[in-house]
Peer 1: 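Below: one structure in C-alpha cells.
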Amino acid sequence: MSKNTPKAIRGTQDIFGADAEAFAFVVETFERVRRLYRFRRIEMPVFEKTEVFARSLGETTDVVSKEMYSFEDRGGDSLTLRPEFTAGIARAYLTNGWQQHAPLKAATHGPLFRYERPQKGRYRQFHQIDAEIIGAAEPQADVELLAMADQLLKELGIEGVTLHLNTLGDGTSREAWRAALIDYFSAVKDQLSEDSQERLEKNPLRILDSKDGRDKPFLADAPKIDDFLSDKARAFFKAVTDGLDAAGVKWVRAEALVRGLDYYRHTAFEFIPDEGSAAADALGAQSTVLGGGRYDGLMESLGGPATPAVGWAAGIERLAMLVGERPESELELAIAIEGDSEQLFAAGVRTAMMARSEGITAEVFAAGSPRKRFDKAVKSGAKVIMAYSEDPDGKLESPRTKGDEADLERIGHVLREFALKLSN
RNA sequence: GCGAUCGUAGCUCAGUUGGUUAGAGCGCCGGUUUGUGGUACCGGAGGUCGGGGAUUCGAGCUCCCUCGGUCGCCCCA
C-alpha cells in the first residue's frame, strides 16, 4: 500500500465476504420478523440538530458530553451524527404529526456514530436495528416488543442469550430509589472505587452493576427498586412479566439492570449471553446484544406532549458475531471462454444472461490467459462448468460441460436452449 | 480519558544473542508438464520491515516519540 493512500477512519470498518453476508443476514431476518409483527419501516436522517440528542439523552450523560460527533455546518448550526435512534425517531414523530398513527409501531436500521475507543464489538460507526412502539402506555406493548426481540434472536439461530428484565418504576419511584441509593452509598463513599465515587454524583444507579471488587460488598444490601415502586408501577411490571410468560419468552429478573440514558422509565431490559456460553465468548467484554426499555418521558423533553413509548435497539455487528460466518451465494454455472474471439465472448455472455434470467447464478471467466480460464472456473467452486472453444477454422464448438448429473439436469435447459440458438 | 499488547510482501506468518543483496506458504502473472483439463514443476512481479528520531562500525531485531490495529477499563448496542 502506498503511504499516501488515506487510511480508514479509526473505529470504522470495511466488511467483506462471509462477514458481510452475516451482516446482511441479520438485517434481512430483522426485516422479515418486523413484518410478522406489523412494524412499519421508517427512515430518518443520519444527522440532527445537536439539541435533539442533548435534550433527550441528558446533557450529563457520557454519550452527550464526550461521545458525539458534533460539528457546525456552513450555516452555523450545531449538528450531530446520530449516536442512537430513539431521539431522532421521537423528533420525527413530533415534527411529522405521526401522532395520527398512534400507537405507531416503527422499525429501522442503519449506522450510528459514537466517539469511543474501538474494541471487540464496538466501533465508532456501528449499526443497529431498532424497533419502537410510540403512543402505547399499556404493558402489552412492552410484551409485544420483547416477544419480537426474542423471536428475532431465535430466527437468527442465536442461543445462550437470555432476557434480563427490570423495572425502574415511574418517575417518582425512580427518583425515590435514586435518592435512597445516594444516601446509602454516600455513607460508605470512602470505601467505594474511584469510578463509583464519581458515579455517585453522575449516575448512582450505575454503581449497582460495578465490576470493582471494592464495591461488591455494598451491593447486596443496597436499596431495592421494589421497595420504592408505586402500586401502579408494580402492577405494570407484573403485567409485563405475566405477558412474557404467556408469550413463552424466558426472562430473569435483574435488579441491578439500569439504563444509561435519562429518558427511561418502567421496563428496562437487555438480552445478555449466559455466562460461559459460546455467545459470551464471541462477544468478549460487550455483554449486551439487544437492549431497551420504556421511555415515557422522552417526548416531553423535546417539547412534545406526554407520550408513552417503548423501544429497543440491537447492534448488528454483535448479532453478526453470534450468527457466525455465513457463506456467500454459491456459483451454479461457471462459463469458461477458451479463446479471445468476439464470437466466444458473445457466446459466453449470452449463456450467462440466459442462466441468470432463469434464476441461476452464473459467472463468465474470460480474463487472464485463455489456458487457465478453465482452471479458474474449476476453482470457483461452480456446480456446473461450461467451456466454449473454437475449432482450428474459427468455428464455435458446442460447449463442453462438467458437473454432477443432478446439477447438469437442473441447469440443463439453459444449456440446451443455448445450443438450439447456436445451431440457428 | 486510562491500561495492556501488537505493527515484516495483497493475505497468514518466519526472521536465531543486532552483522553480507529480508524469507516461506497462499494469492497474483507467465511458462512447462499432464491432457479432458481442479495436478506437478519452473520462473516473475510485489517489501524504504507503520512513521520519525536516538544508540552503534552496522538495527527488522535495543531505546524514545508518534500513528495505527487488537483487547480491556470507563461508558454503552
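Bear in mind that the values here come from a model prediction, so they are computed numbers and not experimental data. Within every chain, numbering begins at 1; the chains are lettered A, B, ... in the order of the sequence lines, protein sequences first and strands thereafter.
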Peer 1: Paired with B/U5 by Watson-Crick or G-U wobble geometry, both distances under 3.5 Å: which nucleotide is it?
Peer 2: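 Its partner is B/G69 (Watson-Crick or G-U wobble, both distances under 3.5 Å).
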
Peer 1: Specify the separation, in whole Å, of atom CD1 of A/Ile9 and atom P of B/C67.
Peer 2: 15 Å

Peer 1: In whole Å, measure the gap between the P atoms of B/U8 and B/U12 for me.
Peer 2: 9 Å

Peer 1: Scan every strand shown for a Watson-Crick or G-U wobble partner of B/G25, both distances under 3.5 Å, and answer none if you come up empty.
Peer 2: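 The answer is B/C11, by the H-bond criterion.
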
Peer 1: Any side-chain N or O of A/Arg122 below 4.0 angstrom from OP1/OP2 of B/G72?
Peer 2: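 No, A/Arg122 has no side-chain N/O under 4.0 Å of OP1/OP2 on B/G72.
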
Peer 1: Between B/G60 and B/U21, how far is it from one C1' atom to the other, in whole Å?
Peer 2: 16 Å

Peer 1: Taking atom P in both B/U5 and B/G46, compute the distance separating them and give it to the nearest angstrom.
Peer 2: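 About 37 Å, rounded to a whole number of Å.
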
Peer 1: Quote, to the nearest angstrom, the P distance that separates B/A59 from B/G52.
Peer 2: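 Approximately 14 Å lies between the P atom of B/A59 and that of B/G52.
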
Peer 1: Between the base of B/G37 and the side chain of A/Glu338, is there a donor-acceptor distance below 3.5 Å?
Peer 2: yes

Peer 1: With a 4.0 Å limit, can you tell me whether A/Arg199 has a side-chain N or O closer than that to the phosphate oxygens OP1/OP2 of B/C75?
Peer 2: yes

Peer 1: Between B/G37, B/C76, B/A77, which nucleotide has the shortest distance from any of its atoms to the side chain of A/Arg206?
Peer 2: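 Comparing B/G37, B/C76, B/A77 against the side chain of A/Arg206, the answer is B/C76.
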
Peer 1: Looking only at side-chain N and O atoms, does A/Gln119 come under 4.0 Å of OP1 or OP2 in B/G72?
Peer 2: yes

Peer 1: Return the nearest nucleotide to the side chain of A/Lys7; candidates are B/U70, B/C75, B/C67.
Peer 2: B/C67

Peer 1: Atom CZ in A/Arg410, atom CD1 in A/Ile360: separation rounded to 0.5 Å?
Peer 2: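 The distance works out to 7.0 Å.
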
Peer 1: Considering every strand and a 4.0 Å limit on heavy-atom distances, what is the contact class for A/Glu317: base, sugar-phosphate, or nothing?
Peer 2: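 If one applies the 4.0 Å heavy-atom cut-off, A/Glu317 turns out to touch nothing in the nucleic acid.
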
Peer 1: Ignoring backbone atoms, establish whether A/Lys402 has a side-chain N or O less than 4.0 Å from OP1 or OP2 of B/G38.
Peer 2: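 No, A/Lys402 has no side-chain N/O under 4.0 Å of OP1/OP2 on B/G38.
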
Peer 1: OH of A/Tyr123 versus C1' of B/C71: gap in Å, rounded?
Peer 2: 12 Å

Peer 1: Assuming nearest nucleotide by heavy-atom distance, tell me which of A/Val289 and A/Gly284 is located more 5' along RNA chain B.
Peer 2: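 That would be A/Gly284.
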
Peer 1: Nearest-Å distance, CZ (A/Arg124) to P (B/C76)?
Peer 2: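 The answer, rounded to whole Å, is 17 Å.
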
Peer 1: Has A/Arg174 got a side-chain atom pairing as donor or acceptor with A/Tyr264's backbone, closer than 3.5 angstrom?
Peer 2: yes

Peer 1: Counting only Watson-Crick or G-U wobble pairs whose two distances fall under 3.5 Å, which nucleotide matches B/G60?
Peer 2: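 Answer to the pairing question: none, since B/G60 forms no Watson-Crick or G-U pair.
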
Peer 1: Between atom CG in A/Leu257 and atom C1' in B/A77, what is the gap in whole Å?
Peer 2: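 The answer, rounded to whole Å, is 13 Å.
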
Peer 1: At under 4.0 Å between heavy atoms, what does A/Ala285 touch on the DNA or RNA strands: base, sugar-phosphate, or nothing?
Peer 2: sugar-phosphate

Peer 1: Would you mind classifying the nucleic acid contact of A/Arg117 as base, sugar-phosphate or nothing, using non-hydrogen atoms under 4.0 angstrom?
Peer 2: base

Peer 1: Which class fits the ring pair A/Tyr69 and A/Phe113: parallel under 30°, tilted 30 to 60°, perpendicular over 60°?
Peer 2: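 If you compare the ring of A/Tyr69 with that of A/Phe113, the planes turn out perpendicular.
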
Peer 1: Please find the pair of heavy atoms, one from A/Glu84 and one from A/Phe53, that lie closest to each other, and give the distance.
Peer 2: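 Looking at all heavy atoms of both residues, the shortest contact is O-CE2, 3.9 Å.
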
Peer 1: For A/Lys379 and B/U39, what is the distance between atoms NZ and P respectively, to the nearest whole Å?
Peer 2: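 A/Lys379 atom NZ is separated from B/U39 atom P by 5 Å.
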
Peer 1: Could you tell me the separation between the CZ atom of A/Arg10 and the C1' atom of B/C71, rounded to a whole number of Å?
Peer 2: 12 Å

Peer 1: Using the C1' atom as the point on both nucleotides, what is the distance between B/U66 and B/C6, in whole Å?
Peer 2: 16 Å

Peer 1: Roughly how far apart are A/Glu155 CD and A/Met148 CE, rounded to 0.5 Å?
Peer 2: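 The CD atom of A/Glu155 sits 11.5 Å away from the CE atom of A/Met148.
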
Peer 1: Nearest 0.5 Å, please: how far is CG in A/Leu163 from CD in A/Glu270?
Peer 2: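 The distance works out to 10.0 Å.
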
Peer 1: Quantified in whole Å, what is the C1' atom distance between nucleotide B/C67 and nucleotide B/C74?
Peer 2: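 Approximately 24 Å lies between the C1' atom of B/C67 and that of B/C74.
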
Peer 1: Quickly work out the A/Asp14 CG to B/G68 P distance and round it to whole Å.
Peer 2: 16 Å

Peer 1: Quantified in whole Å, what is the C1' atom distance between nucleotide B/C65 and nucleotide B/A22?
Peer 2: 26 Å

Peer 1: Given A/Tyr295, which partner from the list A/His266, A/Glu132, A/Arg265 fulfils the side-chain hydrogen bond (donor to acceptor under 3.5 Å, both in side chains) test?
Peer 2: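 Looking at A/His266, A/Glu132, A/Arg265, the match for A/Tyr295 under the side-chain hydrogen bond (donor to acceptor under 3.5 Å, both in side chains) is A/Glu132.
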
Peer 1: Quick one: is B/U70 close enough that its OP1 or OP2 comes under 4.0 Å of any side-chain N or O from A/Lys120?
Peer 2: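 No, because none of the side-chain N or O atoms of A/Lys120 sits under 4.0 Å from OP1 or OP2 of B/U70.
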
Peer 1: Working to the nearest 0.5 angstrom, can you tell me the gap between A/Leu145 CG and A/Ile133 CD1?
Peer 2: 5.0 Å

Peer 1: Starting at atom CG of A/Asp195, determine the distance to atom C1' of B/G3, rounded to an integer number of angstrom.
Peer 2: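 Atom-to-atom, A/Asp195 to B/G3, this comes out as 13 Å.
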
Peer 1: Between A/Ser210 and A/Ala387, which is nearer to the 5' end of RNA chain B once each is assigned its nearest nucleotide?
Peer 2: A/Ala387

Peer 1: Could you tell me which nucleotide pairs with B/G35 by Watson-Crick or G-U wobble geometry, both distances under 3.5 Å, or answer none if nothing does?
Peer 2: none

Peer 1: Taking the same atom, C1', in B/C13 and in B/G53, what whole-Å distance lies between them?
Peer 2: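 Those two atoms are separated by 29 Å.
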
Peer 1: Under 4.0 angstrom, heavy atoms only, what part of the nucleic acid is A/Gly11 near: base, sugar-phosphate, or nothing?
Peer 2: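 Sugar-phosphate: the residue A/Gly11, judged by heavy atoms under 4.0 Å, touches backbone atoms but no base.
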
Peer 1: Is any side-chain nitrogen or oxygen of A/Arg114 closer than 4.0 Å to OP1 or OP2 of B/C75?
Peer 2: no

